[in-house]
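Notes for the one structure printed next.
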Amino acid sequence: MSKTSQQNTATDANGVSVIHTQAHTSGLQQVPQLVPVSPGGGGKAVPPSKQGKKNSFVDRNSDEYRQRRERNNMAVKKSRLKSKQKAQDTLQRVNQLKEENERLEAKIKLLTKELSVLKDLFLEHAHNLADNVQPVGTETTTTNPENNGP
């Protein structure tokens, strides 16, 4: 069983090629595929928001153009200020965290030293207790002259 197909390509008003595929031996219905057509012969389709703007002439002396440029310039300034502020905030946070890290490292050193001293004291105390305790059954008896019987 061989499968052969025919393809018909047509371009619509928006510059999008529609490929119609028809399979002869298959009982399945084929769905048309949309393929963007660009002047370079391939690549990405142009978004609808920018399709009409390419061919339109812009009068740089018009009030509308000046207002757009002014709004755009203000938006750019605002964006750059926001970006600069964010960078400054990040730098400030980094410096705070560095200072906190240094304090915590100093505290760790101090607590480690304190732990070492307390551990040495504990071991010394435990060693002294072990020396003072005598094993059971090796008690020394002291003779009491008063308790000596006849």
Side-chain angles (χ1 to χ4, degrees), residues 3 5 7 9 11-21 23 26 28-150:
K3 292 185 179 181
S5 64
Q7 289 187 351
T9 306
T11 305
D12 68 2
N14 292 330
V16 176
S17 291
V18 179
I19 300 175
H20 297 281
T21 306
S26 173
L28 300 175
Q29 181 181 2
Q30 296 291 322
V31 177
Q33 298 175 359
L34 296 178
V35 179
V37 173
S38 64
K44 294 183 179 180
V46 178
S49 62
K50 295 192 177 186
Q51 283 179 351
K53 293 183 182 179
K54 279 189 174 182
N55 297 332
S56 65
F57 176 72
V58 177
D59 183 14
R60 294 183 179 226
N61 295 325
S62 70
D63 288 336
E64 181 186 356
Y65 177 78
R66 280 194 224 119
Q67 287 175 352
R68 278 189 187 167
R69 292 303 318 144
E70 191 175 323
R71 280 200 329 255
N72 181 263
N73 289 342
M74 292 187 58
V76 167
K77 284 180 186 178
K78 184 178 177 181
S79 175
R80 289 178 181 161
L81 282 173
K82 188 176 179 181
S83 176
K84 189 183 277 189
Q85 183 64 43
K86 187 174 181 181
Q88 288 175 349
D89 292 346
T90 302
L91 185 60
Q92 185 179 4
R93 179 74 174 139
V94 165
N95 289 333
Q96 286 175 348
L97 291 173
K98 281 182 180 179
E99 289 175 8
E100 183 180 1
N101 193 30
E102 289 173 3
R103 277 186 297 140
L104 290 172
E105 285 178 358
K107 189 173 184 177
I108 287 172
K109 284 182 182 179
L110 179 68
L111 291 172
T112 303
K113 204 179 279 187
E114 186 178 341
L115 176 65
S116 178
V117 169
L118 291 173
K119 193 175 187 182
D120 289 344
L121 284 172
F122 175 76
L123 291 175
E124 184 180 331
H125 181 69
H127 181 70
N128 287 340
L129 282 178
D131 287 346
N132 291 337
V133 173
Q134 296 176 353
V136 176
T138 57
E139 292 182 22
T140 54
T141 54
T142 56
T143 55
N144 222 346
E146 296 174 4
N147 289 343
N148 280 344

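Numbers here are sequence positions counted from 1.
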Residue pair L121 / H125, side-chain heavy-atom distance below 4.5 Å: no

Partner residues of E64 under the salt bridge (Lys or Arg N to Asp or Glu O under 4.0 Å) criterion, sequence neighbours left out: R68

Counterpart residues, salt bridge (Lys or Arg N to Asp or Glu O under 4.0 Å), relative to R66 (two or more places apart): D63

Counting only pairs under 3.5 Å, give me each side-chain donor-acceptor contact of residues 106-113, with atom names and distances, residues two or more places apart or in other chains.
{"from": "T112", "atom 1": "OG1", "to": "I108", "atom 2": "O", "distance (Å)": "2.6"}

With a cut-off of 3.5 Å and sequence neighbours excluded, list every side-chain donor-acceptor pair involving residues 83-98.
{"from": "Q85", "atom 1": "NE2", "to": "D89", "atom 2": "OD1", "distance (Å)": "2.9"}
{"from": "T90", "atom 1": "OG1", "to": "K86", "atom 2": "O", "distance (Å)": "2.8"}
{"from": "N95", "atom 1": "ND2", "to": "L91", "atom 2": "O", "distance (Å)": "3.4"}

With sequence neighbours excluded, residues passing side chain to side chain contact (heavy atoms under 4.5 Å, CB included) with V76: N72, R80

Residues in side chain to side chain contact (heavy atoms under 4.5 Å, CB included) contact with D120, at least two apart in sequence or another chain: S116

Gap separating the CG atom of L104 from the CD atom of E99, nearest 0.5 angstrom: 12.0 Å

Atom pair CG/CG of L118 and L123 - distance to nearest 0.5 Å: 11.0 Å

